[in-house]
*Asks:* 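Please find one structure pasted underneath; my questions will follow.
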Amino acid sequence: LLLSAGYDLQIKLWDARAPSRPLHTLQGHVAPRVARQKGIFQPQFCAGGRYVVASGEGSEALSLYSAESGATLSRGRIGCTAST
């Protein structure tokens, strides 16, 4: 599996064996009207690839998604801005 993210505020989960379209498009990390949100910041697999965790530049939020279904499992504020 492969993750891609960018300035469209979506995370795409791909099967590298069949890359013609994403398995899931993970959305909703932040509301579209949040002007300070510029992009998704380094989405990562966790728990052996079962979940995807992501933060967004300027959002002070953390989102957890199911890699199997693409569903949002949890979303919350972390109290700081994501940085490199």
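Position 1 is the first residue of the sequence, and the numbers go up from there. These figures come from a predicted structure and were not determined experimentally.
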*Asks:* Enter the distance from L13:CG to S4:OG here, rounded to the nearest 0.5 Å.
*Replies:* 9.0 Å
*Asks:* Are L23 and L3 joined in one hydrophobic group, where the rule is that I, L, V, M, F, W and Y side chains link up if heavy atoms are under 4.5 Å apart?
*Replies:* yes
*Asks:* Consider only side-chain heavy atoms of I, L, V, M, F, W and Y, link residues closer than 4.5 Å, and tell whether V53 and L73 are in one cluster.
*Replies:* yes
*Asks:* Check side chain to side chain donor-acceptor pair (under 3.5 Å) between S74 and all other residues, then give those that pass, not counting sequence neighbours.
*Replies:* none
*Asks:* May I ask whether V52 and L2 are part of the same hydrophobic cluster, defined by side-chain heavy atoms of I, L, V, M, F, W, Y residues being less than 4.5 angstrom apart, directly or through others?
*Replies:* no
*Asks:* Could you grab the distance from atom OG1 of T25 to atom OH of Y65, nearest 0.5 Å is fine?
*Replies:* 11.0 Å
*Asks:* May I ask you to test the T72-S66 pair for a side-chain heavy-atom distance under 4.5 Å?
*Replies:* no
*Asks:* Hydrophobic cluster membership, with links at side-chain heavy-atom distances under 4.5 Å among I/L/V/M/F/W/Y: are L26 and F45 in one?
*Replies:* yes
*Asks:* With sequence neighbours excluded, what pairs up with R17 under the salt bridge (Lys or Arg N to Asp or Glu O under 4.0 Å) test?
*Replies:* D15
*Asks:* Please confirm whether the backbone N or O of K12 pairs with a side-chain atom of H24, one donor and one acceptor, at under 3.5 Å?
*Replies:* no
